Amino acid sequence: MKQNLRVVLASRPQGWVSEDNFRIEEAPLPRPGPGEVLVKNLWLSLDPYMRGRMSDAKSYVKGVELGEVMVGQTVGEVLESRHPKLEEGDKVLTQLGWQQYGTTSEATKLDQKRAPLSCYLGVLGMPGMTAYFGLKEIGQPKAGETVVVSAASGAVGSVVGQLAKLGGCRAVGIAGGRQKCDYVTRELGFDACLDYKAANLREALRHACPGGVDVYFDNVGGEIFDTLLAEMNLHSRVVVCGLISDYNASEARGIRNWRAVLVKRIRLQGMIVLDWKDRYGEALKALSGYFAEGRLKYRESTVEGLENAPRGLIALLKGENFGKQLVKLA
Ligand SMILES: NC(=O)c1ccc[n+]([C@@H]2O[C@H](COP(=O)([O-])OP(=O)(O)OC[C@H]3O[C@@H](n4cnc5c(N)ncnc54)[C@H](OP(=O)(O)O)[C@@H]3O)[C@@H](O)[C@H]2O)c1
């Protein structure tokens, strides 16, 4: 009889995640109940938020329990259906986590003609929606303004800068390394990209943003966030989207440039994409429109096989990914 393979949380990391924090298990293949589908997962999304779910610290969503399957979004194929609207062979977006098979009643049918299936985990998925709502609703850039985004070659950042350009803004990225920066300017069409590992970021920002910064879309927190605060314009906006530089730190880095928030009347707002779940259809329509016109580019980093998912997550948290991090399961 066919078995299911799954990755469970074995222990909670203290500091950096290690492969020992996970355990691979075999389990019987689940059977779909009434209203459910049995899905074979084809792609698993790896995302920075998973580091938070490995911890039991209080957050906006409960963490994974020890021994529980690691949380994650998946794209898969329906093998058996007891769901009124889905049939065998349908491709679906689900939340089945780090396993090869799963059953669920909550699956969204995907249109494979619109885009390759993996895109529904990246540019047309949760990261794309994060970029869309964070920029539009919190950043509120106007044509001619300067938008800066960190982790610019990644899943969220790459979409933020391209949307800023489509809206008539100057888009400036921040990324780690020459190769990523070249991709951001040459392939994604940003006006500039600053390598924070090589340059004095403050000087590089002043050079790339001669009129100052109107919107900063922060994906990383820490020192980069602090440096940006000092370069923000009067009545500028900061979208606090992610703090990846802190996710493995035992203590959060303090901020020195708070004075700028007061003096420049900066509007800082945190965002969680789930707050816009009632409007995901709007974002999908807009993003897939640009995608169909070839105006939204993307890049993926793939590891093969469920057993390599822990390694893929560790690489993502260290910035070794180059584009949306995925696990190819089948
Ligand atoms: N609020 C929400 O609803 C929401 C939703 C999705 C994602 N997010 C957040 O958005 C951020 C980006 O997520 P993503 O999925 O698009 O990941 P990603 O950008 O594809 O990958 C993460 C990137 O973070 C950068 N990074 C890692 N450590 C860093 C450090 N110490 N300092 C500066 N940069 C570092 C690396 O890029 P470099 O090599 O360029 O440094 C790495 O490639 C994350 O913080 C994530 O938690 C938030």
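Every number for a ligand or one of its atoms is a count from 1 in the order of the listing. Residue indices begin at 1 and follow the sequence shown. Quick caveat: nothing in here was measured; it's all calculated off a predicted structure.
Sorted by first and then second residue, the pairs that involve residues 132-155 and meet ring pair (Phe, Tyr, Trp, His ring centres under 6.0 Å), not counting sequence neighbours, are F133-W276.
Close contacts between ligand 1 and V273 involve ligand atoms 2 (C), 3 (O) [criterion: under 4.0 Å to a heavy atom]. The ligand atoms of ligand 1 that sit less than 4.0 angstrom from a heavy atom of I244 are 22 (C), 24 (O), 26 (N), 27 (C), 28 (N), 29 (C), 35 (C), 45 (O).
With a 4.5 Å cut-off on side-chain heavy atoms, M54 and F22 count as touching.
Nearest protein neighbour of atom 36 (C) of ligand 1, counting heavy atoms only, is G319 CA, 3.6 Å. Atom 16 (O) of ligand 1 has V156 N, 2.8 Å as its closest protein atom, hydrogens excluded (heavy atom only).
Membership of the apolar cluster around V78 extends to V37, V39, L86, V92, L96, as traced through chained side-chain contacts below 4.5 Å between ILVMFWY residues.
When only interatomic distances are considered, the shortest N/O to N/O separation between T130 and ligand 1 does not fall below 3.5 Å. An N or O contact shorter than 3.5 Å links Y247 to ligand 1 by distance. Residue-to-ligand polar distances keep I224 apart from ligand 1: every N/O pair is separated by 3.5 Å or more.
Residue nearest to atom 8 (N) of ligand 1, selected from C241, G323, S245: C241 (by heavy-atom distance). Distances from atom 38 (P) of ligand 1 to the heavy atoms of G134, P48, S150, G176 show the closest one on G176.
Seen from the ring of F291, R114 does not count as a face-on cation partner, given the 6.0 Å and 45° thresholds.
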